[in-house]
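Single-structure report; data block below.
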Amino acid sequence: MPDKDITELTITRPDDWHLHLRDGSMLRAVLPETSRHFGRAIIMPNLVPPVVTAEQANAYRGRIMSAVPAGDMFTPLMTLYLTEDTDPADVAAAHENGIATAVKLYPAGATTNSQSGVRNFDKIRPVLDVMAEIGMPLCVHGEVTHSDVDIFDREAAFIDKVLKPIRKKNPDLRVVMEHITTDVAVDYVRDTPRNLAATITTHHLIINRNHILAGGIRPHYYCLPVAKREKHRVALVQAAISGDKRFFLGTDSAPHLDPLKLQPCGCAGIFSATNTLSCLAEVFDAAGALKKLEAFTSLNGPLFYGLEPNPEKITLRKGEPVSYPENIQTAEGPVTVFDPGFPLHWSVET
């Protein structure tokens with residue numbers, strides 16, 4: 001059956017390879033929005049204070065598991081927040097004991113709660129050496145933070161000034177470029193034959209920078225890395241629908257209370273966990289590539305991380321527009337759900 005004629009699609013239960021759950025009441029409010037549809041997720045460690053050690057990661061995993069709704073089958077895959085003082089032995093032990101799946105590199109000041117990130121990349125060399133030896137992936141927020149680099153050029157500058165030197169010194173290091181936003185990043189991944197993959201978010205497949213700025217500022221579309229020109233969005237869609245095993249879903253779903261988004265210096269982050277699969281089905285349907293959706297959401301990520309795909313299946317059905325809530329209520333206030341700007345005709349059944 002041609003993709004354009006498909007109205008029902010059953011795929012392997014997806015995973016989210018880049019997710020923010022926060023902690024406390026926020027964690028308890030947003031986790032069900034992920035565990036409803038996803039089997040696993042790479043959990044970001046940028047709490048306050050950040051999740052730096054194996055002990056902290058294990059404790060955070062316990063808090064997540066206690067918040068999983070009854071009946072949901074969900075496994076959090078923990079990460080360690082890389083600092084210039086990170087102990088290589090602790091990283092190795094966390095990996096060996098199954099506590100941490102990956103390590104997260106934030107350039108200091110790049111995004112939310114990244115103040116403890118890396119400024120001097122030479123200081124993390126011992127950790128990267130150990131990670132390369134044991135096969136532990138490094139997840140990177142790929143932006144430089146220098147004030148003289150335009151915010152729309154920070155991803156390309158990171159590839160040239162930071163990532164290429166790291167990978168030249170450590171070719172065996174397995175790297176995931178998270179939430180890529182440019183055709184430069186797409187081409188870099190495609191031109192690299194081994195040990196490099198990239199996640200693509202739901203929102204970067206849908207919005208460009210005009211959605212944020214044209215006709216008025218829309219703070220709920222503001223994220224980091226910021227959305228780029230339309231040509232870059234098109235390049236991301238082409239990568240996602242290509243079936244290339246090096247590209248897979250990482251939503252970067254990042255909840256912030258509305259009062260923290262709607263202020264003179266608002267938080268960066270888009271919360272998309274609730275309607276991601278419906279959004280993605282629309283994107284792949286519009287591109288005539290529905291048969292490639294499973295690879296992007298459910299197969300390519302496990303392959304890179306050396307895991308088996310989830311045994312469960314989910315079904316998506318096309319019909320009348322699906323209604324999603326405008327926001328998720330937490331004990332401290334509402335969190336706005338990503339609005340793709342068009343009707344969502346694909347519903348999800350688990």
Side-chain angles (χ1 to χ4, degrees), residues 17-18 42 102 104-107 110-111 121 128 132 137-146 148-212 223-252 270 280 283-284 286-289 291-297 299-305:
W17 299 98
H18 184 153
I42 286 281
K104 178 63 183 275
L105 168 59
Y106 289 104
T111 189
F121 291 91
L128 301 185
L138 176 71
C139 300
V140 300
H141 181 112
E143 293 186 287
V144 299
T145 57
H146 311 305
D148 60 335
V149 178
D150 188 278
I151 192 169
F152 293 106
D153 299 328
R154 289 180 176 182
E155 183 172 274
F158 179 88
I159 292 171
D160 284 335
K161 298 178 183 299
V162 179
L163 188 55
K164 286 182 178 178
I166 284 177
R167 298 190 66 248
K168 184 176 182 179
K169 292 181 180 179
N170 258 314
D172 293 330
L173 181 65
R174 304 178 69 243
V175 177
V176 179
M177 295 178 63
E178 295 189 316
H179 48 44
I180 60 172
T181 60
T182 62
D183 56 5
V184 175
V186 169
D187 290 343
Y188 180 58
V189 174
R190 282 179 170 156
D191 292 341
T192 303
R194 60 188 292 265
N195 291 336
L196 182 66
T199 60
I200 303 175
T201 75
T202 308
H203 54 274
H204 285 123
L205 292 172
I206 294 173
I207 66 171
N208 60 36
R209 64 188 191 181
N210 279 354
H211 290 90
I212 308 172
C223 59
L224 289 172
V226 68
K228 307 298 194 299
R229 292 179 182 271
E230 174 65 5
K231 71 169 186 173
H232 297 297
R233 187 197 67 82
V234 171
L236 295 176
V237 171
Q238 292 304 310
I241 68 172
S242 68
D244 189 321
K245 295 178 174 59
R246 291 166 292 188
F247 299 103
F248 41 88
L249 174 65
T251 66
D252 193 20
I270 293 174
L280 291 175
V283 171
F284 278 68
K291 293 176 183 176
K292 299 292 182 66
L293 180 63
E294 183 178 44
F296 180 69
T297 61
L299 303 179
N300 295 348
L303 180 65
F304 183 84
Y305 277 92

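For the residue pair Leu138 and Leu128, the shortest heavy atom distance occurs at CD2-CD2, 3.9 Å. For the residue pair Leu105 and Ile166, the shortest heavy atom distance occurs at CD2-CD1, 4.4 Å. Here the shortest heavy-atom pairing between Ala235 and Val186 reads O-CG2, 4.1 Å. Residues His204 and Pro225 approach most closely at NE2-O, 3.0 Å, considering heavy atoms. The nearest pair of heavy atoms linking Arg154 to Val149 is NE-O, 3.2 Å. Minimum interatomic distance between Ile159 and Ala185 (heavy atoms only, all atoms of both residues): CD1-CA, 3.8 Å.
Note on residues 235-244: pairs passing salt bridge (Lys or Arg N to Asp or Glu O under 4.0 Å), not counting sequence neighbours, are Asp244-Arg246.
Trp17 and Phe248 have perpendicular rings, their planes meeting at more than 60° on a 0 to 90° scale where under 30° would count as parallel.
Residues satisfying the side chain to side chain donor-acceptor pair (under 3.5 Å) test with Asp172, not counting sequence neighbours, are Arg194. Under the side chain to side chain donor-acceptor pair (under 3.5 Å) criterion, Lys164 pairs with Asp160, sequence neighbours left out. The side chain to side chain contact (heavy atoms under 4.5 Å, CB included) check on Leu163 picks up Phe158, Arg167, Val175, Met177, Tyr188, with sequence neighbours excluded. Listed by chain and residue number, nothing satisfies the side chain to side chain donor-acceptor pair (under 3.5 Å) test with Thr297 (two or more places apart in sequence, or in another chain). Under the rule for a side chain to side chain contact (heavy atoms under 4.5 Å, CB included), the partners of Asn208 that lie at least two apart in sequence or sit in another chain are Asn210, His211, Glu230. Scanning for side chain to side chain contact (heavy atoms under 4.5 Å, CB included) contacts around Lys169 gives Asp122, Arg125, with sequence neighbours left out. Take His18 and apply the ring-ring contact (aromatic ring centres under 6.0 Å, His included) test, not counting sequence neighbours, and it matches His20, His179. For the side chain to side chain donor-acceptor pair (under 3.5 Å) test, no residue two or more places apart in sequence or in another chain qualifies with Asp153. The ring-ring contact (aromatic ring centres under 6.0 Å, His included) check on Phe247 picks up nothing, with sequence neighbours excluded. Every side chain to side chain contact (heavy atoms under 4.5 Å, CB included) that Cys139 has, sequence neighbours left out, goes to Ala102, Lys104, Val176, Glu178, Tyr305.
Taken to the nearest 0.5 Å, the CG atom of Leu280 stands 12.5 Å off from the CD1 atom of Ile241. Between atom CG of residue Leu236 and atom OG1 of residue Thr182 there is a gap of 7.5 Å, rounded to the nearest 0.5 Å. To the nearest 0.5 angstrom, Thr251 atom OG1 is 10.5 Å from Ile270 atom CD1. For the atom pair Leu224 CG and His141 NE2, the distance stands at 6.0 Å (nearest 0.5 Å). Note that CG of Leu249 is 9.0 Å distant from CD1 of Ile200, once rounded to the nearest 0.5 Å.
The neighbour count for Arg209 CZ, taken as heavy atoms of other residues, nucleotides or ligands under 6.0 Å away, is above 12.
Taking 4.5 Å as the limit, some side-chain heavy atom of Phe284 sits within range of a side-chain heavy atom of Lys292. Using a 4.5 Å heavy-atom threshold, the side chains of Leu173 and Asn195 count as separate. Between Val140 and Tyr106 there is no side-chain heavy-atom pair separated by less than 4.5 Å.
In this model, a donor atom of one side chain and an acceptor atom of the other lie less than 3.5 Å apart for Thr181 and Lys228.
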Practice item. Could you walk me through whether Ile206 and Val237 pass side chain to side chain contact (heavy atoms under 4.5 Å, CB included), step by step? Key: CA-CA 9 Å; Ile206 294 173; Val237 171; over 6 Å; no
**Study point:** Leu205/Arg233 under side chain to side chain contact (heavy atoms under 4.5 Å, CB included): CA gap, chis, key distance, verdict
**Key:** CA-CA 6 Å; Leu205 292 172; Arg233 187 197 67 82; 5.6 Å; no
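Judged by the 6.0 Å and 45° rule, Arg229 forms no cation-pi pair with Phe152.
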